[in-house]
Trainee: 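The structure under discussion is supplied below as structure tokens; questions concerning it will follow.
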Amino acid sequence: MKRRILAGLFIPVVCWVAVQAATPNPNGSAETRPSVADLAKPFGLLGPNAGVYSAATNCSASNCHGNDRPGSKGGEYTTWAGDDPHHKAYAVLFNDVSVRMMANLKRGPAHEDPQCLQCHAVNEEKHYHGEIVPGRALGEGVSCDACHGPSQAWLGEHFREGWKQLTDREKFEKYQFQPTKDLVARSLMCARCHVGARDREVNHDVIAAGHPRLAFEAARFHFTDNYPKHWTERLPNPGFEMRLWEIGQVAALRQVIDLLAARAERATAKQAPWPELSESSCFACHQDVTGSKNRTVYGERNGRAPGRAGWQVWYTSLIVPKLLPAFDRVKDLRVLMAHDVIDPGVAAEAARKAVGELDAWLAGVQQRGYQTSISPGFAAEYRMILTQSALTDDKRKLRDTDWDFLAQHALALAAVAHALGDASAEWRPLVEKLQAALAFPPDANGKHFNSPIDYDAKTVLELFQALDAKLRARGEQ
């Protein structure tokens, strides 16, 4: 029986996607990637902001999506209204953590704060059977229309026979229906709240006040065991799962760079501080400074100068040769953001160019569509590249001892193991140990996870070395 292992490494943010699975094209080779000269943008990019929204109860009839069989076709509303964390997203704005956080920020209640409501509810006027719902039905939390788009235009159409004949693009452009079966649109949609966007963000002030930082990785969240999905997927499916990992990486990177552009533009206009500290690796500063051997004996800094925090290490760690596209503009931006003094106007321009490059790649993926199979050596190549990327060329040290860098590699390896199911049984235990070595320790109450203050770089190094040796023994180069 396949074992699910992605949940072993805790990331303090809740994200799952309420959609039907697509079957992707796993061929990520350079010759199939779109040219940077292609200025197209992926459809469904920002989500439809216009249109008339509906209360989730419009979907709750037993002959629609509200039957009494959670997890089944026709029971989607029932599943969501049960234990789906999206349904509870508004309720958490009343808890002690939210109250304390807003007091720290010297702002009003979280459940009335527009910034909080951007992601913890659908803060739009809603209708039920044509009547306006009092209070915008905020208590529903992140409800159907948050993921599927304002539904009044498509509510009476999506069950008709002709609906299935429409393309994803046609559904979006004609009816404002979010194409959630499209992996690009799906990943971008999740990333709007779980990475950030121009109209919603979690900056350093908010994090310092008590909000978890946003560290999104699509595959890890998509296949979390304790999330009650209201759709069905046939797993393991290496083509789908590994393609979701790849697209999720690029979509998240696109969102975080567009957010950088917005922050830099505001700083140029003297409307925001610069630099924004949440752009830097959290654990470059929030760590035990007496544990220097972790940084000097067992690993390097991936080219960073001593005393300099990495820029967005979480989202840029896996932009490596043969794994994801070259993304030259992203590399230029990373070099720029490593400087001691950065002009926000220059950063904004560089970020906009990088976003255009990423949009072109994502649009190209949508244009090509998805296939159902992968080549025999595809998974083997992925896991070997991931292992080698984590180690220096001589295999004696970690290439980067930043926790974000190592955690992303561990999660990517877990995604491959998850996709392969029993076929990964020989090397999967090493990945499980790697995740355990990087897991956040609980606080004094045994409840919350705050930082990897005690992670042992020596153990992590030895596990990557053992994994490298095992894969080489299998004949993987």
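This one's a predicted model, so the numbers in the text were calculated from it and none came from an experiment.
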Trainee: With a cut-off of under 6.0 Å to the ring centre and 45° to the axis, is Arg220 in cation-pi contact with Trp245?
Mentor: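 No, Arg220 and Trp245 do not form such a contact.
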Trainee: Applying side-chain contact (heavy atoms from CB on, under 4.5 Å) to Arg200 and Cys119, what does each step give before you reach the verdict?
Mentor: CA-CA 8 Å; Arg200 60 197 71 190; Cys119 288; 3.6 Å; yes
Trainee: Quiz question: by atom type and distance under 3.5 Å, do the side chains of Gln312 and Glu279 form a donor-acceptor pair?
Mentor: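 On atom types as modelled, these side chains qualify, holding a pair under 3.5 Å.
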Trainee: Do the non-hydrogen side-chain atoms of Glu170 and Thr167 ever get within less than 4.5 Å of each other?
Mentor: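 In short, these two side chains touch, coming nearer than 4.5 Å.
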Trainee: With rounding to the nearest 0.5 angstrom, report the CD to CG distance, Glu381 to Leu386.
Mentor: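 Between atom CD of Glu381 and atom CG of Leu386 there are 10.5 Å.
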Trainee: Pick from Leu244, Thr316, Leu318: which one makes a side-chain contact (heavy atoms from CB on, under 4.5 Å) with Gln249?
Mentor: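 Per the side-chain contact (heavy atoms from CB on, under 4.5 Å) rule, the option paired with Gln249 is Leu318, out of Leu244, Thr316, Leu318.
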Trainee: Between Asp468 and Lys395, does any NZ, NE, NH1 or NH2 come within less than 4.0 Å of an OD or OE carboxylate oxygen?
Mentor: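 Yes, this pair counts.
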Trainee: Examine distances only and state if a side-chain atom of Ser187 and a backbone atom of Val184 form a donor-acceptor pair shorter than 3.5 Å.
Mentor: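 Judged by distance alone, no pair lies under 3.5 Å.
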Trainee: Using modelled atom types and a 3.5 Å cut-off, is there a donor and acceptor pairing between side-chain atoms of Gln255 and backbone atoms of Gly196?
Mentor: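 It does hold such a pair.
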Trainee: What is the ring orientation for His148 with Phe177, classed by angle as parallel under 30°, tilted 30 to 60°, or perpendicular over 60°?
Mentor: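 Because their plane-to-plane angle is under 30°, the rings of His148 and Phe177 count as parallel.
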Trainee: Charged N to carboxylate O below 4.0 Å: is that the case for Lys353 and Glu357?
Mentor: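 Between Glu357 and Lys353 there is no salt bridge, as every charged N stays at least 4.0 Å from the carboxylate O atoms.
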Trainee: Roughly how far, to the nearest 0.5 Å, is the CG atom of Asn123 from the OH atom of Tyr90?
Mentor: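 Tyr90 OH to Asn123 CG: 9.0 Å, rounded to 0.5 Å.
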Trainee: Would you say the side-chain atoms of Thr268 pair up with the backbone N or O of Ala264, donor to acceptor, closer than 3.5 Å?
Mentor: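 Looks like yes, one N/O pair under 3.5 Å.
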Trainee: Could you tell me if the side chain of Leu413 sits less than 4.5 Å from the side chain of Phe464, heavy atoms only?
Mentor: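 A side-chain contact under 4.5 Å exists here.
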Trainee: Which pair of non-hydrogen atoms, one from Ser278 and one from Val202, has the smallest distance, and what is that distance?
Mentor: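 Where Ser278 meets Val202 most closely, the heavy atoms are OG-O, 4.2 Å.
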Trainee: What's the spacing between Leu183 CG and Leu362 CG if we round to 0.5 Å?
Mentor: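 With rounding to 0.5 Å, CG (Leu183) is 11.0 Å from CG (Leu362).
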Trainee: One thing to verify: whether Glu300 and Arg399 come together as a salt bridge, which I'm taking to mean a side-chain N less than 4.0 angstrom from a carboxylate O.
Mentor: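 Looking at Arg399 and Glu300, the cut-off is not met.
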Trainee: Could you grab the distance from atom CG of Asp332 to atom CE of Met337, nearest 0.5 Å is fine?
Mentor: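 Interatomic distance, Asp332 CG to Met337 CE, rounded to 0.5 Å: 13.5 Å.
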Trainee: As a quick check of understanding, evaluate side-chain contact (heavy atoms from CB on, under 4.5 Å) for Thr459 and Lys433, giving each step before the final call.
Mentor: CA-CA 9 Å; Thr459 298; Lys433 290 179 180 179; over 6 Å; no
Trainee: Answer whether the closest heavy-atom distance between the side chains of Trp427 and Val416 falls below 4.5 Å.
Mentor: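 A side-chain contact exists here, since the closest heavy-atom pair is under 4.5 Å.
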Trainee: Please identify each residue that fulfils disulfide bond (SG atoms under 2.5 Å apart) with Cys282, with sequence neighbours left out.
Mentor: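 Residues passing disulfide bond (SG atoms under 2.5 Å apart) with Cys282: none at all.
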Trainee: Is it the case that Glu201 and Gln115 place a side-chain donor and acceptor less than 3.5 Å from each other?
Mentor: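 There is no such pair (donor and acceptor under 3.5 Å, judged by atom type) between the side chains of Glu201 and Gln115.
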Trainee: When you measure from the side chain of Asn95 to the backbone N and O of Val92, does any donor-acceptor pair fall under 3.5 Å?
Mentor: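 Judged by distance alone, yes, a pair lies under 3.5 Å.
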Trainee: Between atom OG of Ser389 and atom CG of Asn302, what is the distance when rounded to the nearest 0.5 Å?
Mentor: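 The CG atom of Asn302 is 8.0 Å from OG of Ser389, to the nearest 0.5 Å.
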Trainee: In terms of side-chain geometry, is the basic nitrogen of Asp168 or Lys181 positioned less than 4.0 Å from the acidic oxygen of its partner?
Mentor: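 No salt bridge links Asp168 with Lys181.
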Trainee: Heavy atoms, side chains only, cut-off 4.5 Å: are Leu430 and Leu434 in contact?
Mentor: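 No. Closest side-chain heavy atoms not under 4.5 Å.
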Trainee: Quick one, Trp311 with Ser280, criterion side-chain contact (heavy atoms from CB on, under 4.5 Å). Give me CA distance, side-chain angles, the key distance, then yes/no.
Mentor: CA-CA 5 Å; Trp311 171 73; Ser280 300; 5.9 Å; no
Trainee: In terms of heavy-atom contacts, does CZ of Arg308 have more than 12 from other residues, nucleotides or ligands at under 6.0 Å?
Mentor: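 Check passes, neighbour count above 12.
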Trainee: Are the side chains of Trp231 and Thr79 in contact, using a 4.5 Å heavy-atom criterion?
Mentor: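 A side-chain contact is absent here, since even the closest heavy-atom pair is not under 4.5 Å.
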Trainee: Looking at every non-hydrogen atom in both residues, tell me the closest pair between Asp404 and Trp314 and how far apart they are.
Mentor: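 Looks like OD2-CB, 3.6 Å.
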Trainee: Against His222, only a single residue in Lys229, His418, Arg186 fulfils side-chain hydrogen bond (donor to acceptor under 3.5 Å, both in side chains); can you say which?
Mentor: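 So the option named by the test is Arg186.
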Trainee: Do any N or O atoms from the side chain of Arg254 and from the backbone of Asp258 form a donor-acceptor pair under 3.5 angstrom?
Mentor: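 Answer holds: no.
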Trainee: Search all heavy atoms of Leu398 against all heavy atoms of Ala457 and return the closest pair with its distance.
Mentor: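 Smallest heavy-atom distance, with atoms named: CD1-O, 3.8 Å.
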Trainee: If every non-hydrogen atom of Phe405 is compared with every non-hydrogen atom of Ala390, which pair is closest and at what distance?
Mentor: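 Heavy atoms only, the tightest pair is CE2-CA, 4.0 Å.
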Trainee: Under a 3.5 Å threshold, yes or no: a donor from one side chain and an acceptor from the other, between Ser143 and His87?
Mentor: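 No pair is found: no donor N or O on one side chain lies under 3.5 Å from an acceptor on the other.
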Trainee: Indicate yes or no: at least one non-hydrogen side-chain atom of Tyr455 is less than 4.5 angstrom from one of Leu406.
Mentor: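 Contact flag for Tyr455/Leu406 side chains = yes.
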Trainee: Judged by atom type as modelled, is there a donor-acceptor pair below 3.5 Å linking the side chain of Tyr315 to the main-chain atoms of Phe216?
Mentor: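 Yes; at least one donor-acceptor contact below 3.5 Å.
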Trainee: Ignoring hydrogens and angles, state whether a donor on the side chain of Tyr227 or Asp84 is under 3.5 Å from an acceptor on the partner side chain.
Mentor: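 There is such a pair between these side chains.
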Trainee: Would you mind telling me which of Arg396, Gln465, Lys397 makes a side-chain contact (heavy atoms from CB on, under 4.5 Å) with Leu391?
Mentor: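 Running side-chain contact (heavy atoms from CB on, under 4.5 Å) over Arg396, Gln465, Lys397 with Leu391 returns exactly one hit, Gln465.
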Trainee: Got a donor-acceptor contact below 3.5 angstrom from the Gln118 side chain to the Asp199 backbone?
Mentor: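 The answer is yes, because a donor-acceptor pair under 3.5 Å joins these two groups.
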Trainee: Are the side chain of Arg428 and the backbone of Ala417 linked by a donor-acceptor contact shorter than 3.5 Å?
Mentor: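 No, because the side chain of Arg428 does not come within donor-acceptor range (under 3.5 Å) of the backbone of Ala417.
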Trainee: So, are Glu265 and Arg352 salt-bridged, with charged N and O less than 4.0 Å apart?
Mentor: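 Salt bridge present between Glu265 and Arg352.
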Trainee: For the atom pair OG (Ser317) and NE2 (His409), what is the distance rounded to the nearest 0.5 Å?
Mentor: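 Rounded to the nearest 0.5 Å, the OG-NE2 separation comes out at 6.5 Å.
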Trainee: Checking Val355 against Leu358 for the side-chain contact (heavy atoms from CB on, under 4.5 Å) test, could you report, in this order, the C-alpha distance in whole Å, the side-chain angles of both residues, the deciding distance, and whether it holds?
Mentor: CA-CA 5 Å; Val355 168; Leu358 296 168; 5.5 Å; no
Trainee: Over 60° means perpendicular and under 30° means parallel, so classify the ring planes of His120 and His211, tilted if in between.
Mentor: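 It falls in the perpendicular class, over 60°.
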Trainee: What I'd like to find out is whether the side chain of Arg263 reaches to under 4.5 Å of the side chain of Leu259, using heavy atoms alone.
Mentor: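 Contact flag for Arg263/Leu259 side chains = yes.
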Trainee: Check whether any side-chain N or O of Asn104 sits under 3.5 Å from a backbone N or O of Ala209 as a donor-acceptor pair, and report yes or no.
Mentor: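 Checking the backbone N and O of Ala209 against the side chain of Asn104, a donor-acceptor pair under 3.5 Å is found.
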Trainee: Are Asp182 and Gln366 close enough that a side-chain donor and a side-chain acceptor fall under 3.5 Å?
Mentor: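 Asp182 vs Gln366: donor-acceptor pair found between side chains.
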Trainee: On a heavy-atom basis, which atom in Pro179 and which in Phe172 lie closest, and how many Å separate them?
Mentor: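 Minimum heavy-atom separation between Pro179 and Phe172: CD-CD1, 3.9 Å.
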Trainee: Using 4.0 Å as the upper bound for N to carboxylate O, is an ion pair formed by Asp400 and Arg304?
Mentor: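 Answer for the salt bridge query: yes.
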Trainee: When you measure from the side chain of Arg266 to the backbone N and O of Ala272, does any donor-acceptor pair fall under 3.5 Å?
Mentor: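 Not a single qualifying donor-acceptor pair exists.
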Trainee: Report yes if some heavy atom in the side chain of Gln388 is under 4.5 Å from a heavy atom in the side chain of Arg472; otherwise report no.
Mentor: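 Contact flag for Gln388/Arg472 side chains = yes.
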Trainee: To check you understand the geometry: which heavy-atom pair defines the closest contact between Ala40 and Gln367, and what is its length?
Mentor: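 Of all heavy-atom pairs spanning Ala40 and Gln367, the closest is CB-NE2, 4.0 Å.
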